[in-house]
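Accompanying notes for the structure given below.
In what follows, chains are A, B, ... by sequence order, proteins preceding strands, each numbered from 1. Predicted, not measured: the structure shown is a model, and the values here were computed from it.
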There are 2 protein chains.
Amino acid sequence: MISRVLDTAEGPLGVAEVLERAQSDLPGLGIATVYRTLKLLTDQGRIHPVTLDGETLYEASGRGHHHHFSCTSCGKVFTLHTCPVALPRGTVYPGGFIVEAHEVTLYGRCPQCAAPQA
Amino acid sequence: MISRVLDTAEGPLGVAEVLERAQSDLPGLGIATVYRTLKLLTDQGRIHPVTLDGETLYEASGRGHHHHFSCTSCGKVFTLHTCPVALPRGTVYPGGFIVEAHEVTLYGRCPQCAAPQA
DNA sequence: TTAGCTGCAAATCCTTTGCATACAG
DNA sequence: CTGTATGCAAAGGATTTGCAGCTAA
């Protein structure tokens, strides 16, 4: 169930959000179970944690290369499928740093917050 | 003093590292003071927090646009002054996201760890 | 003497763990 | 009946706050 919540989310979710959404279908679900399940799914590689501004969020794995967009207005985090950098594994960065992976987070206004309130 | 520690660091530091380095000059310095000072400097805008893999690190502000490189071998975090993305403020990202800022973290091996152990 | 910092220890907050219970096989 | 998962509450670890003492002006 918790796995399903993350699969259907539009982006990574925090523990509290996972709890709330899961409780819609499972009233009485405890926070401890959420933590336990998130850890379990993480160990199984089915989901993985993302830390953003000190908050730990979780998202389903296997969605391919992607990055995140954090809305400075509503605070929601979205998943972006377009990558703004070209840094294949093995690229040597100025200074002699050998790049194996990269992570990008964009900040700004999401479509909803940018649109004039309809 | 704590401010000086961060100014002379080669990259962002964690609370524990700040404490250790500062204690070299201020034996008996308490952890509470470190937390209090880091928060104070942050509010003053003289330093700012960076979260990396769940760890909260602090670095001096005013060093211009830069990004971080986290060594997967030794765990140290370095500051990079070359930016791999071209996303000026106001760029509209596919999907309608208005970009105000971006953050990039590269992972890989630092020059020291990449070099054959001399 | 007064104001501001500091260390110590108690208080919080978030996450994990222990335990007795409840459901599935 | 047996084993696993769960909720509740206690335990942990990290960060914050309260408080009395210390230093500088």
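Grouping the Ile, Leu, Val, Met, Phe, Trp and Tyr side chains by contacts below 4.5 angstrom, directly or via other members, places A:M1 apart from A:L40.
For B:R63, the CZ atom sits in a packed shell: over 12 heavy atoms of surrounding residues, nucleotides or ligands are nearer than 6.0 Å. More than 12 heavy-atom neighbours from other residues, nucleotides or ligands sit within 6.0 angstrom of CD on A:E100. Heavy-atom neighbours of B:E55 CD from other residues, nucleotides or ligands within 6.0 Å: at or below the threshold of 12.
Between the CG atom of A:L57 and the P atom of C:dC14 there is a distance of 15 Å, rounded to whole Å. Note: NZ (B:K39) to C1' (D:dT17) measures 11 Å, nearest angstrom. Counting to the nearest Å, the P atom of D:dA14 and the CD atom of A:E55 are 18 Å from each other. Rounded to whole angstrom, the span from the CG atom of A:L38 across to the P atom of C:dT17 amounts to 14 Å.
Side-chain contact between A:Y58 and A:V18: absent, with no pair of heavy atoms (C-beta onward) separated by less than 4.5 Å. In this structure the side chain of A:Q112 never reaches within 4.5 angstrom of the side chain of A:C74, judged on heavy atoms.
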Heteroatom pairs (N/O) under 3.5 angstrom, protein to nucleotides 23-25 of chain C:
none

List every contact pair, protein side and nucleotides 3-11 of chain D side both N or O, where the distance is under 3.5 Å.
residue	atom	partner	partner atom	Å
D:dG7	OP1	A:G28	O	3.1
D:dG7	OP1	A:G30	N	3.0
D:dG7	OP2	A:G30	N	3.2
D:dG7	OP2	A:T33	OG1	2.0
D:dG7	N7	A:R36	NH2	2.9
D:dG7	O6	A:R36	NH2	3.3

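In terms of heavy-atom proximity, B:H102 sits nearest to B:V85 at NE2-CG2, 3.1 Å.
Residue pairs satisfying the side chain to side chain donor-acceptor pair (under 3.5 Å) criterion with at least one member in residues 42-51 of chain B, sequence neighbours excluded, are listed as follows: B:S3-B:R46, B:H48-B:E59.
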